[in-house]
Amino acid sequence: MRAGDVLDERQVELVRTVIEEAESNTGLIHSVHVGPSDGDPRVYAERLLAALGPLAPYATLVHVDPALRRVEIVTGTHAAIRVDDRACALAALSMGSSFAGGDLAGGIVNGVRLLADHAGPGVVAYGTHHTG
Amino acid sequence: MKPLLSRAAAVATASLVALLAATPAWALDDGEAPHDSTFTTLDVLLIFVGIPLLATLVIVLLVYAPHSASRPRYRPGRPYDGDPLWFDGPSRPERALESGAATTEDVRGGGASASW
């Protein structure tokens with residue numbers, strides 16, 4: 001996967017590290033998608049979450065659409081118990097304000113950390129095996 | 001264009017005034033022999049035009065080089081023309097999106113969104 005024109009390699013590596021940290025701390029999957037939405041961003045974010053397959057209930061999915069200037073956070077059925085909608089709204093707002101300043105990597109990192117902090121420590125339910 | 005023109009005019013006037021103010025310096029000293037001068041027009045040009053130009057160039061480079069070196073940067077409002085990036089997503093995104101399409105309602109527990 002090419003980093004596109006918005007994140008350099010160092011930033012991609014940073015986001016990866018932060019996501020790994022968040023996952024090992026919370027036991028939830030923290031998936032982040034950056035790219036254009038196919039249709040409505042909210043519906044697309046839900047499709048992205050569903051695409052995680054058996055991991056979806058244990059996942060929070062952040063979908064960032066730089067062109068539409070929109071960030072969508074969707075939580076799986078189990079993850080929603082740990083990360084409620086207010087925590088999602090806070091993370092989304094925080095990310096949006098970073099993005100507005102042109103800081104894509106910083107926004108993602110802060111958002112994921114907020115979500116993970118809110119979820120609190122937990123056991124890895126599924127590990128981080130990828131589906132697909 | 002207009003501010004650029006007035007700026008150029010200001011720079012030209014300022015340098016001309018400085019040059020004119022320095023005209024007494026061009027007057028010949030009693031002991032100075034005009035023909036023995038090893039200071040040619042080219043030397044003067046090099047020292048008083050070449051060096052400032054070089055200095056300006058170096059400063060401009062120092063100001064703009066680091067900025068253009070950190071190329072990949074998101075700017076709000078610009079179209080996104082990169083490939084989608086999916087951190088911790090499925091290894092084959094297209095196939096996973098297709099197979100996950102049927103179960104959209106079942107997986108969603110909550111969420112939020114924001115615009116910027």
Side-chain angles (χ1 to χ4, degrees), chain A residues 1-8 12 15-16 19 23 29-36 41-43 45-53 56-57 65-67 69-81 83-85 88-89 91-93 95-97 99-100 102 104 128 130-132, chain B residues 1-8 55-116:
Chain A
M1 230 187 272
R2 197 167 63 87
D5 294 326
V6 285
L7 296 176
D8 61 27
V12 168
V15 172
R16 273 210 186 106
I19 288 175
E23 294 187 340
I29 306 297
H30 292 274
S31 190
V32 178
H33 181 268
V34 184
R42 156 125 285 179
V43 175
E46 286 168 4
R47 277 180 58 200
L48 292 169
L49 179 68
L52 298 177
D65 189 328
R69 295 201 209 177
R70 197 162 173 85
V71 54
E72 291 283 349
I73 301 177
V74 249
T75 48
T77 43
H78 175 79
I81 302 166
V83 187
D84 59 20
D85 288 2
C88 292
L93 264 176
M95 293 171 95
S97 60
F99 297 158
L104 209 63
T128 48
H130 293 185
T131 54
Chain B
M1 205 58 222
K2 230 177 179 173
L4 195 73
L5 222 76
S6 58
R7 229 173 285 165
T56 313
L57 208 77
V58 167
I59 291 168
V60 166
L61 268 176
L62 283 175
V63 169
Y64 288 105
H67 198 72
S68 54
S70 56
R71 199 187 49 80
R73 177 170 164 76
Y74 166 69
R75 288 181 204 288
R78 285 261 188 93
Y80 182 84
D81 49 5
D83 292 340
L85 261 175
W86 199 345
F87 296 96
D88 214 35
S91 42
R92 269 172 291 176
E94 286 88 5
R95 244 186 61 176
L97 273 170
E98 271 170 39
S99 63
T103 52
T104 303
E105 297 86 41
D106 306 326
V107 291
R108 184 171 184 266
S113 64
S115 297
W116 71 89

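Each chain gets a letter, A, B and so on, in the order its sequence line appears, and its residues count up from 1. These numbers come from the heavy atoms of this one structure, side chains and all, not from hydrogens, waters or symmetry mates.
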[X], part contacting chain B, at a heavy-atom distance under 4.5 Å:
X: A:Ile81; answer: neither
X: A:Ile19; answer: side chain
X: A:Ala89; answer: both
X: A:Asp84; answer: neither

Heavy-atom pairs under 4.5 Å with chain B are the metric here; pick the option from [options] that has the most.
options: A:Gly96, A:Pro66, A:Ser97; result: A:Pro66
options: A:Asp65, A:Leu104, A:Val83, A:Ile73; result: A:Ile73
options: A:Val74, A:Leu93, A:Leu49, A:Asp85; result: A:Asp85

Closest approach of [X] and [Y], non-hydrogen atoms and distance?
X: B:Ala114; Y: A:Ala92; value: CB-O, 3.5 Å
X: A:Thr75; Y: B:Gly111; value: OG1-N, 3.8 Å
X: B:Gly89; Y: A:Leu52; value: CA-CD2, 4.1 Å
X: B:Gly110; Y: A:Ala80; value: N-CB, 4.0 Å

Subject >> Worked check of side-chain contact (heavy atoms from CB on, under 4.5 Å) between B:Leu97 and A:Leu48 >> reply: CA-CA 6 Å; B:Leu97 273 170; A:Leu48 292 169; 4.0 Å; yes
**OP:** Under the side-chain hydrogen bond (donor to acceptor under 3.5 Å, both in side chains) rule, collect the residues that match up with A:Arg42, sequence neighbours excluded.
**Re:**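 Testing A:Arg42 for side-chain hydrogen bond (donor to acceptor under 3.5 Å, both in side chains), a comparison that skips the adjacent residues, returns A:Glu72.
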**OP:** List for me each residue that meets ring pair (Phe, Tyr, Trp, His ring centres under 6.0 Å) alongside A:His33, sequence neighbours excluded, and say none if there are none.
**Re:**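 If we apply the ring pair (Phe, Tyr, Trp, His ring centres under 6.0 Å) test to A:His33, skipping adjacent residues, the hits are A:Tyr44, A:His63, B:Trp86.
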Original post:
Distance from A:Met95 atom CE to B:Trp116 atom CH2, nearest 0.5 Å?
Top reply: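 The CE atom of A:Met95 sits 8.5 Å away from the CH2 atom of B:Trp116.
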Original post:
Hey, are the side chains of A:Val71 and B:Ser113 touching, using non-hydrogen atoms and a 4.5 Å cut-off?
Top reply: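 Not touching, per the 4.5 Å side-chain cut-off.
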Subject >> Check against side-chain contact (heavy atoms from CB on, under 4.5 Å), A:Arg69 and B:Ser115 >> reply: CA-CA 6 Å; A:Arg69 295 201 209 177; B:Ser115 297; 5.6 Å; no
